Each structure stands twice: as C-alpha cells, then as structure tokens.
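Each remark here refers to the structure printed beneath this line.
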There are 2 protein chains.
Amino acid sequence: MKYTVNKLSKLSGVSISAIRFYDEIGLLKPTCRGENGYRYYEQEQLFLLQQILFFRELGFQLSDIQKIIGSNDFDKVAALGSHKRVLLQNIKRTKELVNTINKTILYLKGKTTMKNEELYYGFNSEKQASYEKYLIDISKVSPDVIYESKEKIKNWKKADWDRCHSEGDKLNKEFAVAIENDLDPASETVQQLVKRHYEWIKNFWTPTKHTYIGLSNLYSEHEDFKKFYERYNSHMIEFLVKAIKIFAEENLS
Amino acid sequence: MKYTVNKLSKLSGVSISAIRFYDEIGLLKPTCRGENGYRYYEQEQLFLLQQILFFRELGFQLSDIQKIIGSNDFDKVAALGSHKRVLLQNIKRTKELVNTINKTILYLKGKTTMKNEELYYGFNSEKQASYEKYLIDISKVSPDVIYESKEKIKNWKKADWDRCHSEGDKLNKEFAVAIENDLDPASETVQQLVKRHYEWIKNFWTPTKHTYIGLSNLYSEHEDFKKFYERYNSHMIEFLVKAIKIFAEENLS
DNA sequence: GCTTGACTCTCAAGTTGCTTGATACTTTAC
DNA sequence: GTAAAGTATCAAGCAACTTGAGAGTCAAGC
C-alpha cells in the first residue's frame with residue numbers, strides 16, 4: 001500500500017506541510033517519487049514516522065532524532081522500550097504536577113502553608129532528567145544524574161552514534177569473555193575493562209564514585225537493562241556490579 | 001521577599017531570557033523596577049508564573065495565556081481545577097501511548113497483527129480534544145466534541161474574554177431567578193433563556209441536538225461544574241438539564 | 001578604595017519547527 | 001470535459017525563545 005502525503009497525514013495526524021518538511025530536512029524521506037513528482041510512503045516509513053513522533057513527544061530536537069534514527073544499529077524494539085520507560089516517568093511527573101495543584105489550591109484557600117519552591121514541583125527537574133536519561137538510555141545506560149551529557153551529545157553526528165554504540169557492544173562482549181574465563185572482578189584484566197567502561201560512560205556524563213556505583217545498581221534493578229546485559233552473559237549484571245564497585249572504590253572520589 | 005531574574009529563574013526553572021521575554025511581551029511584568037533598572041518580582045508574580053507554566057504545559061500559546069490570565073475575573077482556584085482535569089486526561093493519553101508501544105512491540109516481534117492507524121493511537125486526537133475542551137472549561141463549560149472553538153477564540157482579546165465571562169454569569173443568574181419563581185423548564189421565558197445559552201455556547205462551538213444534551217449531562221456528572229452551577233441555585237443543574245433537553249428536541253437536529 | 005567576578009540591562013540577530021501563500025502542474029469525480 | 005481536490009516548489013512569515021555584543025551595577029575580599 002502506497003501512501004501519498006495526504007493519506008499519510010490523515011493516518012498519522014501529522015500535517016502535510018510537516019511531512020514535506022521532514023522530507024526536506026532528510027528526517028523522513030518517501031519510499032519513492034512518482035513520475036509526477038508525488039511523494040509515496042510505504043510500511044517502513046509508517047514505523048519510522050511513529051518513532052519520530054515518540055521522540056518528538058519526548059521533547060527531542062529533530063536533528064537529534066535524525067542522528068539516533070539514522071544510526072546503523074538503531075533498534076526499534078529497544079527504542080520502544082525506552083520510550084515506554086520515559087512515558088511512564090512522565091506519568092509520574094504529571095502526577096506530581098497534580099499534587100502541586102492540590103497543594104496550591106489548599107494554600108490559596110488558606111488551609112495550609114507552602115514554600116515558594118513547591119509552586120514549581122514537577123515542572124522542571126524531572127522533565128530535564130528524563131530527557132538526558134533518555135539519551136543515555138538509547139545507548140543502553142541510564143544514570144541518576146546527568147548534566148554534561150546534553151552539551152556533549154548535542155553535536156554528535158550519525159557516525160558518532162554508530163561508533164559509540166559499537167564501542168559499547170565490543171566492551172560488553174569482552175566482559176562476557178572475562179566471565180566465561182572465570183576471571184576475578186578484582187583482576188587487573190577486568191579492572192582495565194571497567195576503566196574502559198568508565199571512559200565510555202564519560203561520553204555522556206562523568207560519574208563520581210557514588211554515582212558510578214549507583215549506575216551499576218541501576219543495571220540490576222531495571223528490568224530492561226537486566227535483559228539487555230544478560231543477552232551477553234547470564235551473570236553479566238552481578239559481575240559488572242562487583243567489578244564497578246571495586247574500580248570506583250579504588251579510583252574515584 | 002523580592003526576586004531578581006536570577007532568583008526567579010532558579011526557583012521556577014524558567015530561563016532568565018524567557019523571564020525577560022515574558023516581560024517584554026507583557027505576559028509577566030515584574031512587580032517593580034529598581035533605580036538600576038533591575039526587575040524585581042514578588043509573591044503575586046510567583047503564582048502568576050505558576051499559572052503560565054501550567055497553561056504552557058498544556059500547549060497553550062503565550063498570546064492565549066495572556067488573554068485568559070489577563071481576564072478580569074480570572075479565578076486562580078478554578079483554573080487550577082481545570083489544569084488538574086486536563087493533566088489527568090493527559091495521563092490517560094500517555095497510557096494510551098504506552099499501550100500503542102506494547103502493541104507495536106508485539107507486532108514487530110510478529111506475535112500479533114496491527115492496523116496501520118493503530119500505530120498512531122494516542123498521538124493526536126486526545127491531545128487536541130483536551131486543548132479545546134480546556135478553552136471551554138475555562139469559561140466553565142466542557143463539551144465532548146469541539147472543532148471550531150480554537151479558530152474562533154484564537155483572535156479574542158482580553159475584552160472578549162471578559163465580555164463572554166460576564167454574559168455567562170448574567171445568564172446563569174437569570175436561570176436562578178427563573179427557578180426561584182418556579183417557572184416551568186418548558187415555559188416560553190425559560191426556553192428564551194436556553195436559546196441565549198445556546199447562542200453563548202456557540203461562542204466556542206456549535207452543538208447539535210445530541211451534543212447539546214450531552215453537554216447538559218456533563219454538567220451534572222462533573223463534580224466541578226456541579227459545584228460551579230449550584231453556587232447560583234441548588235437545583236440549577238436538574239433545571240438546566242430539563243430545559244436544555246426540551247430546547248434541543250424542539251429546535252436542533 | 002579598588003579590583004574582580006557575578007549579575008544586571010538593552011537591543012539585534014539567529015534558531016527551530018513548522019505554516020502560509022503564490023504559482024503551477026496532475027489526478028479524480030461527476 | 002471541466003471543476004474540484006490534490007500535488008509540487010519556493011519564499012516568506014511566525015512563535016518562543018536563545019545567543020551575543022556592549023555596557024552598567026553590586027558584593028566580597030584585599
């Protein structure tokens with residue numbers, strides 16, 4: 001089934017001009033052009049547009065979306081899992097906003113007191129956090145606190161995403177080998193691997209001792225990460241947690 | 001306590017340049033200016049900024065926010081109640097998105113079938129609906145389906161909001177008088193009032209027989225509306241429901 | 001009293017993600 | 001066979017900011 005701009009627009013709710021605009025900037029190219037110059041879209045594009053809408057919903061810039069989606073090993077299913085997590089987070093955030101409303105109403109009616117900063121609970125912190133969390137998440141990592149990531153990643157090109165992703169994959173495979181060879185998490189070889197992992201993480205954000213250990217704990221607590229890492233080796237998570245703890249205690253402050 | 005742009009920015013999470021921009025367009029003026037030209041904000045502005053953020057969160061244009069907030073009888077508590085309702089609606093919408101994700105994942109894994117339109121459930125319809133619902137809501141009415149409202153209200157000035165609001169208030173008071181005088185909902189006098197109510201509603205949206213009756217039912221089902229109308233007279237809702245039903249059956253199609 | 005650094009101001013230009021409008025060709029429906 | 005509806009390109013406009021330049025202000029430490 002071929003979709004013209006009009007049909008695609010009606011199906012997806014995206015305006016025709018936006019669709020043409022996405023073509024112009026190379027975000028969503030039509031499958032082909034008719035002899036008349038008409039744009040025609042097919043199944044693959046429908047999925048891509050859905051992905052674009054999810055990223056857009058989460059506040060990503062089109063240029064960032066392009067880099068992520070254009071990345072060689074962009075994994076639709078994994079991305080959808082991440083979208084889901086962030087959306088669930090947004091629900092929490094919205095509930096916090098509702099809570100802020102309830103408190104403000106009570107305050108305005110003179111029934112409680114309220115700190116001025118409480119007026120803005122739910123507006124900023126968590127939304128930002130979720131954006132930045134997300135960037136990491138896409139590369140299969142999700143720390144608690146990230147401030148630098150956005151700045152750094154902002155200027156990444158498609159190739160950077162590809163490189164970063166494959167470096168992460170390589171690293172994980174080496175960890176798996178280490179586990180298979182029954183190496184000690186404290187051994188020099190493994191600690192060198194952790195060091196590389198730490199450097200890799202620094203692509204996004206520079207953890208402290210505390211947050212780096214927190215990150216490893218996050219791996220084990222988060223079902224999706226767990227699944228992701230256990231694809232490499234079923235003991236991957238516990239091993240990583242131990243190795244990272246040792247590295248952090250000895251090398252970070 | 002006086003807040004400079006910097007302090008207000010840190011408290012609210014809104015950027016300094018945005019704060020200055022809001023001053024420039026007259027959306028949020030500082031309480032006063034120092035002799036040095038510095039902007040100083042106080043308590044009242046903190047609440048106003050909170051309101052602005054809620055409206056912004058719900059996708060309103062700054063120009064619309066200005067008209068609504070600038071309206072004479074803009075009621076903070078009522079507005080917060082509306083914000084809350086729309087946010088709860090957004091939670092529903094987000095849950096629908098999550099559902100769409102779940103379905104898409106299953107589909108991509110080949111475990112179910114899926115219609116192409118289902119790819120986009122949750123992205124468009126409900127968000128638009130909530131925006132438009134909201135416009136009405138602010139004027140204390142909230143129908144199910146509104147398409148024209150946005151277009152019409154878009155060009156309203158502050159004075160239009162004021163006029164509309166006071167016309168609504170006047171009308172409700174006349175209904176209350178009619179009830180006190182024990183008039184029949186079917187009587188000529190009351191039906192004339194309903195006609196004016198219908199014309200007033202058309203400010204936002206033109207109901208059909210079905211949707212106009214639906215609107216009156218909404219009044220009785222929605223706790224906030226109920227409270228609002230019962231401020232005029234405790235039997236207001238039942239009376240309105242009856243009167244509107246008669247009017248709709250006889251005059252609309 | 002002076003410097004330093006953080007903060008403030010204004011004003012102009014740039015950015016993102018579109019939308020709108022002009023002009024012109026193509027397809028579809030009666 | 002013609003009108004309506006849909007397609008194209010290209011340029012300009014718009015909302016809501018952000019960024020940058022240039023200049024004045026304030027508070028802390030020496």
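All of these numbers come straight from a predicted model, not from anything done at the bench. First the proteins, then the strands, lettered A, B, ... as listed; each starts at 1.
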### Query
By side-chain hydrogen bond (donor to acceptor under 3.5 Å, both in side chains), which residues pair with A:Asn251, not counting sequence neighbours?
none
### Task
Report the distance from atom CG of B:Leu80 to atom CD1 of A:Ile105, rounding to the nearest 0.5 Å.
5.0 Å
### Task
Could you list all the ring-ring contact (aromatic ring centres under 6.0 Å, His included) pairs where at least one residue sits in residues 86-108 of chain B, not counting sequence neighbours?
A:Phe47-B:Tyr107
## Note on the structure
Heavy-atom nearest nucleotide on DNA chain C taken for A:Tyr40 and for A:Ser17; more 5' hit belongs to A:Ser17
### Task
Could you tell me the separation between the NZ atom of B:Lys2 and the C1' atom of C:dC7, rounded to a whole number of Å?
17 Å
### For atom CZ of A:Phe55 and atom P of C:dT16, their distance in whole Å
19 Å
### Query
Residues two or more places apart in sequence or in another chain: which of them pass ring pair (Phe, Tyr, Trp, His ring centres under 6.0 Å) with A:Phe54?
A:His83, B:Phe123
#### Entry: Where protein sits on nucleotides 6-16 of chain D, one letter per nucleotide: B base, S sugar-phosphate only, - none, heavy atoms under 4.0 Å
BSSB------B
### Task
For B:Arg33, enumerate each residue passing the salt bridge (Lys or Arg N to Asp or Glu O under 4.0 Å) test, keeping only those at least two apart in sequence or located in another chain.
B:Asp23
## Note on the structure
Sorted by chain and residue number, the salt bridge (Lys or Arg N to Asp or Glu O under 4.0 Å) partners of B:Lys76 (sequence neighbours excluded) come out as B:Glu44
### Query
Hey, is the side chain of A:Ser15 poking within less than 4.0 Å of OP1 or OP2 on C:dT19, counting only N and O atoms?
yes
